[in-house]
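Have a look at the structure below, then the notes.
Residue numbers begin at 1 in each chain, while the letters A, B, ... track the order of the sequences.
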Protein chains: 2
Amino acid sequence: MAGDELWYAGIRELGTRFRKRELSPVELTSALLARIERLDPTLNAFVTLTADRALAEAKAAEAALLRGDTRPLLGIPVGYKDIYATRGIRTTGGSALLADWVPDADSTCVTRLQDAGCVMLGKLITHEFAWGIQSPGHRFKPARNPWNVDHIPGGSSSGSGAALASGMCVGALGTDTGGSIRGPASFCGVVGIKPTYGRCSRAGVLTLSWTLDHTGPLARSVEDCAFLLQALAGHDAADPASSPAPVSDYAGALAQPIRGMKIGIARDFFLDGADDAVVSAFETALRTLRDLGADVRDVEIPNIWDAPSFMVIMASEAFAYHERDLRERPELYGDLLRERLMSGALYTGSEYVQAMRLRERLRGEMLDVLRTVDVIATPTSPKPAPTFTQMWDTRVGFPRSNMPPFNLSGLPALALPCGFSSAGLPISLQLAGRPFEEATVLRAGHAYEQATEWHRRRPPV
Amino acid sequence: MAGDELWYAGIRELGTRFRKRELSPVELTSALLARIERLDPTLNAFVTLTADRALAEAKAAEAALLRGDTRPLLGIPVGYKDIYATRGIRTTGGSALLADWVPDADSTCVTRLQDAGCVMLGKLITHEFAWGIQSPGHRFKPARNPWNVDHIPGGSSSGSGAALASGMCVGALGTDTGGSIRGPASFCGVVGIKPTYGRCSRAGVLTLSWTLDHTGPLARSVEDCAFLLQALAGHDAADPASSPAPVSDYAGALAQPIRGMKIGIARDFFLDGADDAVVSAFETALRTLRDLGADVRDVEIPNIWDAPSFMVIMASEAFAYHERDLRERPELYGDLLRERLMSGALYTGSEYVQAMRLRERLRGEMLDVLRTVDVIATPTSPKPAPTFTQMWDTRVGFPRSNMPPFNLSGLPALALPCGFSSAGLPISLQLAGRPFEEATVLRAGHAYEQATEWHRRRPPV
C-alpha cells in the first residue's frame, strides 16, 4: 500500500490490512506525518502536530494488534478540532486569547477516541471560537481547500475538512453549531455527521452556543463516520445536555437496503437560491435514491422560513459567553468575529424568547414531517465553496444556509459528496432523520455512497 | 350537615354522605351558591358565577350517584381561576383586554375535572394576566383575604385562595409561575400544590411565562389536593411541555407513614428575612415532622441565591407575550402591571441566556440535594399576608419569596397551613420533592396535617 491507496484508505480496509500484517499502524502514521509535512505548509489544516505522541500511540496500537485486539479504531490516525481540550497539548480555539492554553484534561470525545485505540496526529485548525468565519490577518492562518486553495474549506471545522480531503488523516472531530461539521464536509468533498443534540458529549469542548452546539465526527466515507460515531456516542454525566438514550449499532445498520425508505424533500426552502449545478446534482442524487428503492416525495415545512431565529439564538448565547472578554480585551478578537459577536448585544431577552418559540414550532413541524418520511434530503449548501476574497467581502454576505434548521431542531444530519461544480468544487447532499436515528441517516447515506463514485474523487494536491 | 360542617367538608366525607344519601350534590351546590351570594360581595372571589350550570351539573351528578357511579370527584363543586379557558363562559384573565372573551373550547384541566364529575360554580378572580399584583382602580376588583379583608389573599390565584378559605367551594384550579398557587394557599390558610413542570396540562390556559408556568389544584386539605391532582395529572398532546411520565396513585400514597423520610432544610436562604412568628411556626412544624419519625437535617444549596434570575426569565417571557398589546393598547393594562411588564423590555438576550444558565445550575444543585433527602421543607412565605395599602406602596417592594426556586427547578411543591401570626393571619409550610414525586410530597404534607389542627381553623366570615 502506497501513495493515494494508503493516504485515502478507509477504516475497515486499514483494519483488515493491520490484521493481515500487510500494514502496520506505525507505517501508516509515518506516511501520514510525511504527507502532512509536505502538504500542510500550503493547506494549513494542523495548528499543532503531535508527531512523537502519534508514533508512540501507533507503536502501542501495533503491540495491541499483535495481542489480538479487535477494536475497529485501533491504530487509526485522527485529528482533533482545536476546540476539543487535550491534556498537555495546547488548545487554541483558533483564538489569540487561548494561544497558550494547555488543558489539564481531555474532552470526553477525545478520551473516547483515544480509548478506542485512535492515534492522535495533532490538533486541527478551527475558525476563531468555532464561529464560521476567519478574519483576514488573524493570528492563526486559515486552512485552505484542497480542491482549490483560493477557496475556503468551510468552517468552523476547517482543518478537519481540509485534512481529510487531502489524505492527511483518516478521521477527525468537528463541532457543529450552525453547520460547522457539515459545511467543511460539503466544501471539501468529505463526509460529516452532526448527531442528535445530546448524543455526543460536549464536556471539555469550548462553547459557542449552549443550545445549538453539537460534537461529532468527519471522515471520508459514511462507514468511517459510523465507526467513529460508535465510539463517541453515549451518555456523559459531565455534559448536562447529554442524553441517556441507548446507542444503536451504526456500522451494523449500514448493511440493510433502503428499499421502501421514505425520503422527503422540502424544495421551497432548501433549493431556494441554489446554484444550477447544486440543483442538478441534487436531483440526480434523488434519482439514485429512487433507483435504490427509496420512496422520494415532496414534504412541506411551513415555518422553515423561521430558521433565521437561529442567528438571534446563536448571537445572544455567544455574546453571553464572550461578553467579559469583549469588554476587557477586545483586541484579542479578529475584526470580523468581534463584529459578529457584538451583534449579540443588540438582541433583547424578549427577542431571544420569541426566537426560542419559533424554534420550538419549527422543530415540531420537522418532527411532524418525520412521522410521514424517514429522512429529509437537501443540498447541504446552496453553493460550492466561495473564495477567500468573496468570504472576506462583507458586502457579499452569507448565502442562506440549509444547515441551521437541524441545529435548531437538534435532529441528526449527515453531509456527503454528491457531485462537483464545473470549476471542480465539491457539492454535497444532506440527509437528516428523527432524534437518535443516526443509524437510519447513515444507512441512507451509505446506500447512496455505494451506488456512486463521488467520494472516491481525489483533490489535486 | 349544615353551616360550617357543610361549607368546609372535604371530598372524601362529601362522597361518603352522597352515597349514604345524607346529602345530595344539589343541596351542597345550592348551599354554596347561597354562601357565595352572601359572602362574595365582600370577598370578591368570583368574577363570573355559573349558578344555573352548576345546578344542572349537580343534578346530573345526583343521577349518576343513583346509578352507582363511584368517581371520587362526582358532584364536588369547584371554581376555575379565570385564566383557564371555559367554553361558552367569559374568561377574562383578570384583564380589561379580555373582558369580553368567550372561548369556544375548555382548557384541558377544566375538561379533566368536568369529566371527573366536578360541578363548576364559576370563574375565580385572578390578578391581571396572572402576574401577582392587582393595580388599584383596576377594572376587576381584587379578592380579599377571608382572615382579614384589609389584607391581600395572595396572588395571582387570589380568588381560588379566598373562595376555599371562606367555604365557597371545595376545590379550585390555580396556576403558579412564581408562587401563584402556593402564595394564595399560604396567605389564606389553605392547601395548594404546584406539580412538577409538565405534570398538568397548560393547554387552554393564558400564558405568563412559558418556561415557568405550572397549572395545579388548591383545596382545603392535602387529601383533597391529591384527589384533584389525580384527575388533572397526565400527558396532554396539546401542551408541548407536557410530560409522558406515568401518573402515581396520589390519594393511595397518603396512607403510608413518613417514618424515616429524610427532610432537608436550607435555613440560610429560606429563613432569611422571615418574621419571628414564621420562623417559630416553621421550627414547630419541623418538631412535629421529627415526632412523626422524619429525619430532619440541614442541607446546602450553594447557588440558591441565584434565584433572582427568576425575574429576568419571567419578565423577558411575559414581555415577549405582551409586547404587541403593550405597544398598541397600553391603556388596557393596570398601571402596576404595565410597569412590571415593561421591565421585561430592558433585559438583553444575553442576560436571559445567563439567567437560564444560572437556573440550570440551581436546578442541578437542588436535584443533588434531593439525592440526599426526600423532601425540602421551607416556610412558604417569609411573612404573612400584607395589607392592600402595603401591597400598593411601591416603596415597600416585595419580600424575597421562597417559592420561585421551585418554578426555576420545576420541582413539585406543596403549601399547607402550619400556624398563625399574632394578628391571626395564616402561616404556611412548603414541602418540595423530586421531579414527578408529587406522591412523596403529598404524603409528607398529609402526615403533618393529620398530626396538627391548623387546617381546621376557620376565618371569621
Quiz item: Can you find a side-chain donor-acceptor pair between A/Lys81 and A/Thr215 that sits under 3.5 Å?
Solution: no
Self-check item: Which of B/Tyr347, B/Phe319, B/Trp210 touches chain A most, by non-hydrogen pairs under 4.5 Å
Solution: B/Trp210
Quiz item: Taking atom types as modelled and ignoring hydrogens, do the side chains of A/Asp236 and A/Thr108 form a donor-acceptor contact shorter than 3.5 angstrom?
Solution: yes
Quiz item: For the candidates B/Arg357, B/Gln354, B/Glu360, which exhibits the highest count of non-hydrogen atom pairs separated by less than 4.5 Å from chain A?
Solution: B/Arg357
Practice problem: Could you tell me whether the side chains of B/Thr211 and B/Arg359 share a donor-acceptor contact shorter than 3.5 Å? | Solution: yes
Quiz item: Are the side chain of B/Asn407 and the backbone N or O of B/Thr177 linked by a donor-acceptor pair below 3.5 Å?
Solution: yes
Self-check item: Segment of B/Glu351 engaging chain A (4.5 angstrom heavy-atom cut-off)
Solution: neither
